[in-house]
Amino acid sequence: MTNAELTDIAKRWFASKSWTPFTFQQEAWEAYLSGYHGLVNAPTGSGKTYSLVMPILLEFLNEQAASGATKKSRAGHGLRAIWITPIKALAREISNSAQKAVDGLGIDWHVKLRTGDTSSAEREKMKKSPPEFLITTPESLQLMLAQKGYAKFFENLRAVVCDEWHELMGSKRGVQMELALSRLKTVCPQLKVWGISATIGNMDEALQALLGSSHVRGKYKVIKSDIKKAIEVESVLPDTVEKLPWAGHLGTNLIDKVIPIIKNSKSTLIFTNTRSFAEIWYQRLLDKAPELAGIMAMHHGSISRELRDWVEDALHNEQLKAVVCTSSLDLGVDFRPVETIIQIGSPKGVARFMQRAGRSGHQPGALSKIYFVPTHSLELTEAAALREAIAIGLVEDRIPYIRSFDVLIQYLVTLAVSDGFRQDEIYPEIKGTFSYSSVTDAEWKWLLRFVTTGGAALTAYDEYRKVEIEDGVYKVKNRMVAMRHRLSIGTIVSDSSLQVKYVSGKYIGTIEEWFIARLSPGDVFWFAGRNLELVRIKEMVVQVRNTKKKAKAVPSWQGGRMPLSSQMSVMLRKKLHDVTRKGEKEDVELNFLQPLMDLQKRRSHLPTKNEFLIEYFKSREGYHVVMYPFEGRAVHEGMGALLAHRLAQITPITFSIAMNDYGFELLSDQEIPIYEAIETDVLSPDNLWRDIQASINSVEMARRRFRDIAAISGLVFKGYPGHQIKDRHLQSSSQLFFDVFNDYESENLLLLQAYEEVMDFQLEEARMRKALERINNQKIIITEPTKPTPFAFPIMVDRMREKLSSEKLEDRVKRMQLQFDD
DNA sequence: GACCTGCTGCGGTTTG
């Protein structure tokens, strides 16, 4: 059978199901069947699964036909294809699609799932007779590499597909995949590697990371789907601009405008940026619109899986009219689309916003509509920025992790746990990955020494001699070491938290210790949309009961910061430039904000794209310098520290530093020599690395970062399932290692990695450098406003928020706002 | 009573 004939079969099959394959699917089939590796670029809901499931099955049909095989007895073909998904729920869904395709084409294959939920009996069965089609996660794949005789298990493998590759590649889970693939490519030379990815800014890099340097030798193709998605962005506006606060993040003062949107729609998802806000919004919506009780639900990552599943099912069955949620609902799972999407506050990134918008109008070609609810005035410019970014197709890059030695160490021990490895065989495989292509011979030797002896600092301790060398084979012989290692596979290090359960034992979700520590038995808090009374805390379990009493607290969780993406920064600056142009603007938001912008202009200045604004003023609090790079919090954090450091070189002076996504403020009780500083190039990118190191407490930041590195590399053991080691304990033992390395083995690669990660991810050094270069080419405008400006206000409020109790803050904000009328 | 910044994901006690 030729490829054309085969694709014909598939097309007929599609026709009988009354679906039409898209052009991109047919392209993918043909490329796959002609022996290419590649990447399919298609959005969720486009039937992207079939673009690769079909040719994998057809290839098998072709082979059967070529060998003259007739219908054989079931199975026994060995493992033929592995499908990797980042999420278990998605794995279930893929498994259904794959099963349908297998049945539809009448192919004699088993389709099986292998995740952490798979029973050990089932796993044993799979080891003995592998399914032909296996759907699994990166972690489970690594666990399979930790099995004895894995090479035999994988020997018939023809294809590995990495679904949602854009999700994986920007994390250490992606690196795990790169490593697994490097091994599988050797074990099965005829292996084809494919990825499926949503659109990202750096598609080429996505392909390189997936295929490694072997893509230079092999045949590869990028298949782009022809499906266009129309997205309409509508901002929810108050009646007048004065109704919007200048600062804040919650946005509930627009709740009366949000309720009609929910009521007029059959189904609505309301996305908030934090779990805490989801709780608050849910509560406020119920207060304002009690008729939503029973048809509205909430969904976030700290609510138990069981409750979340219920919500997802109810949404699917159209029993719910609205769900308040966090990103827990924007990941890959393709439930039935909803009619309306509402985004509360800035989504911080174009891709995230588009992903959420895409939850509505799911059919190809349908319009997706998303409402943007600003939480403070200036945030409205982000709506305009998002709209244009979508229009011109500007989406974020996903930066692949490189040189993550913690992941590599874990992988080497994994191989040593199963069949052992020869270093001269594995080294070239490692070098062939995107992530580790720059590893040097000396670094490789260090890694081998580390897994066998614990390295220079730990040589004296037997515990860290995990791997032994026997006839040139690196092997783990100690059963305890092997078991603990299998228990620790993975790169997600979660914070330990307390379980919240009813006294009866029913599990509701998790909460952080510091929050519950503020409460006493009898106190009432609001969680998972319920009023819960704290009964007692017993062995890491918070026992609660339902109550009618009013809650006095809403939990919050300490998650990652999400700075404004650089693509958003670019568009935001463009929109602010647009504001400076005369006449009616294209974006309603900008016209709406015009009075506020005029005020900013009167009190200070509105910078054009060629200008950089600095405000210098004195208040009761002291002397303020505020700068507006619009580069996101992370960059401003570093830039603020950098500037404080360089100013202190001119004159002895100390500052308190505050920042948000738009700018940062230095506050001092003495006059700040800002004019002199600008003269002396205080914003120069020269000596950036050196000055940053001198200005921030990089040791402390790296030490904190080291917690995850220590856990992933296996230096610290996270505990047995159900008996997690306490967070504080994990933190302190990893700090111990950090300090030992810092003092006695400064060339330790894990230690160096911690410092690198601080620069790359915490401070976004590369982005800061670019920003400084840009600023150096801009005209610097220093104004001395006599009253706080709309630009400065939110930064100042955020600073006070950290220091003052909320009551005092409110007074303060009122007093400041009084000064605004001029 | 108003005020709240800080997301998501997986894995797991057993072996010749």
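Just so it is clear: chains get the letters A, B, ... in the order the sequence lines come, proteins before strands, and each one is counted from 1. Only heavy atoms go into these numbers, but all of them, side chains included; no hydrogens, no water, no symmetry mates. Everything quoted here is computed from the prediction, not taken from an experiment.
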Enquirer: Heavy atoms only, 4.0 Å cut-off, all strands: where does A:Glu167 land among base, sugar-phosphate and nothing?
Expert: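 No contact at all - A:Glu167 keeps every heavy atom at 4.0 Å or more from the nucleic acid.
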Enquirer: Please evaluate residues A:Glu757 and A:Asp708 with respect to the criterion side chain to side chain contact (heavy atoms under 4.5 Å, CB included), reporting the C-alpha separation (whole Å), side-chain torsions for both, the decisive distance (0.1 Å), and the verdict.
Expert: CA-CA 11 Å; A:Glu757 286 188 9; A:Asp708 283 17; over 6 Å; no
Enquirer: Nearest to the side chain of A:Thr326 - B:dC7, B:dC4, B:dC10?
Expert: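 Ranking B:dC7, B:dC4, B:dC10 by closest atom to the A:Thr326 side chain puts B:dC7 first.
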Enquirer: So what does A:Gly490 hit on the nucleic acid, given a heavy-atom distance under 4.0 Å: a base, only sugar-phosphate, or nothing?
Expert: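 Counting heavy atoms under 4.0 Å across all strands, no contact is made by A:Gly490.
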Enquirer: Look at A:Lys348 and B:dC7 and indicate whether a side-chain polar atom (N or O) is within less than 4.0 Å of OP1 or OP2.
Expert: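 No, A:Lys348 has no side-chain N/O under 4.0 Å of OP1/OP2 on B:dC7.
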Enquirer: How many Å lie between CD on A:Gln142 and C1' on B:dG9, as a whole number?
Expert: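 A:Gln142 atom CD is separated from B:dG9 atom C1' by 16 Å.
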Enquirer: For nucleotides 13-16 of chain B, list the nitrogen or oxygen atoms of the protein found under 3.5 Å from its nitrogen or oxygen atoms, one pair per line.
Expert:
{"from": "B:dT13", "atom 1": "O4", "to": "A:Pro721", "atom 2": "O", "distance (Å)": "3.2"}
{"from": "B:dT14", "atom 1": "O4", "to": "A:Ser120", "atom 2": "OG", "distance (Å)": "3.4"}

Enquirer: Using whole Å, what does the distance between atom P of nucleotide B:dG9 and atom NZ of A:Lys88 come to?
Expert: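 Nearest whole value for this atom pair: 10 Å.
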Enquirer: A:Phe372 vs A:Phe353 aromatic rings, parallel, tilted or perpendicular, using cut-offs 30° and 60°?
Expert: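 Because their plane-to-plane angle is over 60°, the rings of A:Phe372 and A:Phe353 count as perpendicular.
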Enquirer: Under 4.0 Å between a side-chain N/O of A:Arg484 and OP1 or OP2 of B:dG12, yes or no?
Expert: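 No.
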Enquirer: Atom CD of A:Gln283 to atom C1' of B:dC4: distance rounded to whole Å?
Expert: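 Rounded to whole Å, this separation is 12 Å.
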Enquirer: Ring-plane angle category for A:Phe630 and A:Tyr662, please: parallel below 30°, perpendicular beyond 60°, tilted otherwise.
Expert: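 Tilted.
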Enquirer: Over all strands shown, is A:Ser276 touching base, sugar-phosphate only, or nothing at heavy-atom distances under 4.0 angstrom?
Expert: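 Sugar-phosphate contact only.
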Enquirer: May I ask you to say what A:Arg356 touches in the nucleic acid, namely base, sugar-phosphate or nothing, with a heavy-atom cut-off under 4.0 Å?
Expert: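 No contact.
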Enquirer: Considering non-hydrogen atoms only, spot the tightest contact between A:Leu519 and A:Lys552 and give its length.
Expert: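 Nearest pair, atom of A:Leu519 first, then A:Lys552: CD2-CE, 3.8 Å.
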Enquirer: Roughly how far apart are A:Leu250 CG and A:Ser276 OG, rounded to 0.5 Å?
Expert: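 Atom-to-atom, A:Leu250:CG and A:Ser276:OG are 8.5 Å apart.
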Enquirer: Students often mix this up, so state it plainly: with edges at 30° and 60°, are the rings of A:Phe515 and A:Phe525 parallel, tilted or perpendicular?
Expert: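 Rings of A:Phe515 and A:Phe525: perpendicular, as their planes differ by over 60°.
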Enquirer: Looking across every strand, which nucleic acid part, if any, lies under 4.0 Å from A:Ile280 by heavy atom: base, sugar-phosphate, or nothing?
Expert: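 Base, at least one base heavy atom under 4.0 Å.
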Enquirer: So if I take every side-chain heavy atom of A:Leu143 and compare against B:dC7, B:dG12, B:dC4, which nucleotide ends up nearest?
Expert: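 Nucleotide nearest to A:Leu143's side chain: B:dG12.
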Enquirer: Of the candidate nucleotides B:dT8, B:dC10, B:dG11, which contains the atom at the shortest distance from the side chain of A:Thr115?
Expert: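 The answer is B:dG11.
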Enquirer: Nearest nucleotide by nearest heavy atom, which residue falls closer to the 5' end of DNA chain B, A:Arg305 or A:Thr252?
Expert: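 Closest to the 5' end, via its nearest nucleotide, is A:Thr252.
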Enquirer: As a test of reading the structure: which of B:dC4, B:dG6, B:dT8 is closest to the side chain of A:Val554, going by heavy atoms?
Expert: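 So the side chain of A:Val554 is nearest to B:dC4.
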Enquirer: Write down the distance between CG (A:Asn660) and P (B:dG6), rounded to a whole number of angstrom.
Expert: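 Roughly 15 Å, once rounded to whole Å.
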Enquirer: Between A:Thr137 and B:dG11, is there a side-chain N or O to OP1/OP2 distance below 4.0 Å?
Expert: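 Answer is yes, contact under 4.0 Å.
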Enquirer: What integer distance in Å separates A:Asn253:CG from B:dA2:C1'?
Expert: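 Rounded to whole Å, this separation is 12 Å.
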Enquirer: Whole angstroms only, please: what is the CG-P distance between A:Asp708 and B:dT8?
Expert: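 Atom CG in A:Asp708 sits about 17 Å away from atom P in B:dT8.
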Enquirer: According to a strict under-4.0 Å criterion, is A:Ser140 in side-chain N/O contact with OP1 or OP2 of B:dG11?
Expert: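 It does, given that an N or O in the side chain of A:Ser140 lies less than 4.0 Å from OP1 or OP2 of B:dG11.
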Enquirer: Can you check the A:Phe761 CZ to B:dG6 P distance for me, whole Å?
Expert: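 About 23 Å, once rounded to whole Å.
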Enquirer: Name the orientation class of the two ring planes belonging to A:Trp557 and A:Phe527 (parallel below 30°, tilted from 30 to 60°, perpendicular beyond 60°).
Expert: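 Rings of A:Trp557 and A:Phe527: tilted, 30 to 60°.
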Enquirer: Go through the N and O atoms of the side chain of A:Thr491 and the base of B:dC10, and report whether any donor-acceptor pair is under 3.5 Å.
Expert: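 No, no donor-acceptor pair under 3.5 Å.
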Enquirer: Measure across A:Glu764 and A:Ala634 and return the closest heavy-atom pair with its distance rounded to 0.1 Å.
Expert: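 Between these two residues, the closest heavy atoms are OE2-CB, 3.4 Å.
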Enquirer: Mind telling me whether B:dT8 is syn or anti, cutoff 90° either side of 0?
Expert: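 Anti.
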Enquirer: Give the nucleotide from the list B:dC4, B:dG12, B:dG6 with an atom nearest to the side chain of A:Arg114.
Expert: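 Per side-chain heavy atoms of A:Arg114, the pick is B:dG12.
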Enquirer: Measure across A:Arg308 and A:His300 and return the closest heavy-atom pair with its distance rounded to 0.1 Å.
Expert: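 That closest heavy-atom pairing would be CD-O, 3.4 Å.
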Enquirer: Please report, rounded to the nearest Å, how far the P atom of B:dG6 is from the CD atom of A:Glu279.
Expert: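 The distance from CD of A:Glu279 to P of B:dG6 comes to 12 Å, rounded to the nearest Å.
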